[in-house]
Amino acid sequence: MILVLDINALVGRWPFWRLKYEGFKGVLSLMDRAGIEKAAVTSLDSVFYLNYQNGNDEVAEISRLHPERFVPFVVVNPTFPLWKEHLNAYIKEYKAAGIKLHPDHHKYSLSGREVADVMKEARNLGLPVYIQTSIWDMRHHPGYCVVMETPILEVASAIKAYPENKIIVGGAKHFLARVRELIQHAPESRNFYIETSGLGFFARERGSGETLSLVNSIEWLAEAVGSSRLLFGTRMPLLIPEAGKSLVEKSKISSDDKERILGKNAEELLKA
Amino acid sequence: MIIDIHVHPVVDEKAFGHMLREAEAAGIDKLVVLGALQRTYYEDEKRSVDDENMKMKKVMKKYSDSVVGFCNVGCTDPDATSFLEKSVREFGMRGLGELGYERHWDLRGLLGCHLLLRKAGELRIPVVIHSWHTEEGLSPHLEEQVGNQPRHSAHVIGEIARRCPDTTLIFSHVGGIWEKAFQAAKPYENACFDTSGFDPLMGVVERAVQVLGSERVFFGSDAPGRSFVAQVAKVQYADISKRDRDMILGGNAMGVLGLR
């Protein structure tokens, strides 16, 4: 039986509608339903609460309760005073396996000094850095709370600027198009991974708009960057976990590639 | 029976065959292939409508078990109603759409084409309408960044449904911000939604069933830009009854397409 490890699960509270599977109990039930053994987890409270650390506290607690199911990531907001102390305390006490950034919500540029400091800390701690360019499609954002996604070219620049960091990239609106831009702008870089939630198909077109071929994103990415750089993620309980899992499982790639994407890559990355 | 009410045309035959195989692998039995985007009609001659109909007719003939064809016409074209009638009667199209991608499209476009929509009602065919509605208070810059597509106020959904009570209107993408869109549509039984073209968010299908009833919700994917597998999961894994699921996945489409 292969390990299925979701690199992007979310506990905490979602402000825009009631999620049936909110909180760690809900996420656990979804993991059982979808056949997901482990999940790297952060809290939505780290995105939306005034103090992002509240979310990390929640993640620490649930990871302590269910160490066999949850792998804690720590959200860092580098515009917040004492973020470094918080990060180090959290790593020491709860052994977080990665750092997650929400530059869109926390309003900073990936090219700024703050991120240079985060990357340095991550290198020192030997942790991967997950950059979430957007947590949900901007077209659904209510007018009172539109949050612009982090430009993918900033992500490409960060990937090139920090070649010794391992960087995971996840996004929302038209994410596959963003990934294609990313690959175009950082073709030589091998230090980044793509998280699969939100990926779909794309149509290769001629100038006239006529579709020349239909491309499955997982199959194309396995070819373009290699299956070893794809990480299965769901964004549950915001998204339906089976949707993203089926996308990988039903792709026409080798069973070895599927095994890598669904869990093995993440396991190796988090152990490293 | 699973019917996808929202698939865009793929001109290349090999690519079309590939799309059909992907749909079949996802358990989808029939694809509603929408008419080609009308933007070309403003740049070329009107006979493009017949060209597109002819192409679609060939596809429908070749894949008669698995393809249902829709036509598309320019919403603000003064000859739109006659083109629509010809498309249905002579070419065998079973629906109209996806309306709403025209150049210079705006709010008035949708409100101004009620005669066309009423004609669809007379012909007893459904209309699929692109419908990411706009949000109040966005600057033009944000509007462009967020949408970059023709968008309209959620209220238009209700207004157009009120003006065309005998036409089944299927607003795509659950209207964008679905909570507003569902409320706008709620009083009008002819206003329906498809589930296409957005990430598989949890709870949206359940909410549609709760507010509107499953009879007014249609499964759609928005292929080839979206994956059949991930899109159909929205309905397959929604916490709804088997009856509601069956209606959304195919029962409703069979009804409006005359496939029963």
Side-chain angles (χ1 to χ4, degrees), chain A residues 14 16-22 26 30 33-34 136-144 146 148-149 172-177 197-206 208-218 234-252, chain B residues 8-12 14-19 21-22 25-26 36-37 39-40 132 134-139 142-143 145-149 151 173-174 176-180 197-207 221-234 236-239:
Chain A
W14 179 245
F16 301 111
W17 70 92
R18 290 196 185 96
L19 293 173
K20 184 172 177 183
Y21 299 93
E22 194 173 76
L30 282 178
R33 190 181 90 175
W136 69 311
D137 190 332
M138 287 190 300
R139 293 172 300 172
H140 294 298
H141 292 197
Y144 58 83
V146 174
M148 298 300 297
E149 68 182 14
K173 181 192 167 198
H174 297 160
F175 184 50
L176 181 55
S197 70
L199 292 175
F201 281 13
F202 70 89
R204 214 186 291 275
E205 292 183 341
R206 159 168 44 226
S208 61
E210 290 185 355
T211 301
L212 292 177
S213 61
L214 190 68
V215 184
N216 174 306
S217 57
I218 300 293
T234 66
R235 271 186 281 156
M236 71 173 152
L238 189 54
L239 302 191
I240 297 165
E242 289 89 348
K245 190 166 173 247
S246 302
L247 188 68
V248 179
E249 287 173 335
K250 296 200 175 178
S251 295
K252 293 177 191 71
Chain B
H8 288 285
V10 173
V11 177
D12 181 84
K14 197 174 160 196
F16 193 87
H18 182 194
M19 186 161 77
R21 289 192 297 279
E22 291 285 350
L37 303 183
R39 60 185 172 214
T40 54
W132 286 96
T134 194
E135 272 290 279
E136 291 76 12
L138 299 188
S139 65
L142 266 183
E143 191 64 68
Q145 292 291 316
V146 171
N148 200 23
Q149 290 182 45
R151 290 151 66 87
H173 323 305
V174 293
I177 298 183
W178 59 92
E179 288 289 356
K180 272 188 182 175
F198 60 94
D199 285 347
L201 291 166
M202 291 199 94
V204 179
V205 170
E206 290 88 330
R207 186 68 179 144
S221 68
D222 213 359
R226 293 276 176 171
S227 144
F228 291 112
V229 168
Q231 293 293 308
V232 80
K234 283 180 196 169
Q236 286 172 327
Y237 293 97
D239 288 323

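Throughout, a chain's letter reflects where its sequence line sits, starting with A, and its residues are numbered from 1. Please read these numbers as outputs of a predicted model, since none were measured by experiment.
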Atom pair CG/CZ of A:Leu239 and B:Phe198 - distance to nearest 0.5 Å: 10.5 Å
Distance (rounded to the nearest 0.5 Å) between B:Glu179 CD and A:His140 NE2: 12.0 Å
Toward chain B, the part of A:Leu30 with a non-hydrogen atom under 4.5 Å: side chain
For chain A, the option from B:Pro200, B:Ala26, B:Gly176 that forms the most heavy-atom pairs under 4.5 Å: B:Pro200
Spatial distance of atom CD (A:Glu242) from atom CE (B:Met202) [nearest 0.5 Å]: 7.0 Å
Chain B contact via A:Lys245 - side chain, backbone, both or neither, heavy atoms under 4.5 Å: neither
Pairs of heavy atoms under 4.5 Å with chain B: top-ranked of A:Pro237, A:Ala34, A:Ser217: A:Pro237
Residue pair B:Ser227 / A:Leu247: nearest heavy atoms and the distance that separates them: OG-CD1, 3.3 Å
A:Arg33 side chain near B:Tyr237 side chain, heavy-atom distance below 4.5 Å: yes
Point-to-point distance, once rounded to the nearest 0.5 Å, from OG of A:Ser246 to CD of B:Gln231: 12.0 Å
Pick from B:Val204, B:Val232, B:Val174, B:Val229 with the largest number of heavy-atom pairs that fall under 4.5 Å of chain A: B:Val229
Proximity breakdown for A:Arg18 and chain B, heavy-atom pairs closer than 4.5 Å: neither
Minimum heavy-atom distance between A:Ala243 and B:Ala230, given as atom pair plus value: CB-O, 3.7 Å
Distance (rounded to the nearest 0.5 Å) between B:Asp199 CG and A:Arg139 CZ: 8.5 Å
Any side-chain heavy-atom pair of A:Phe16 and B:Ile177 under 4.5 Å: no
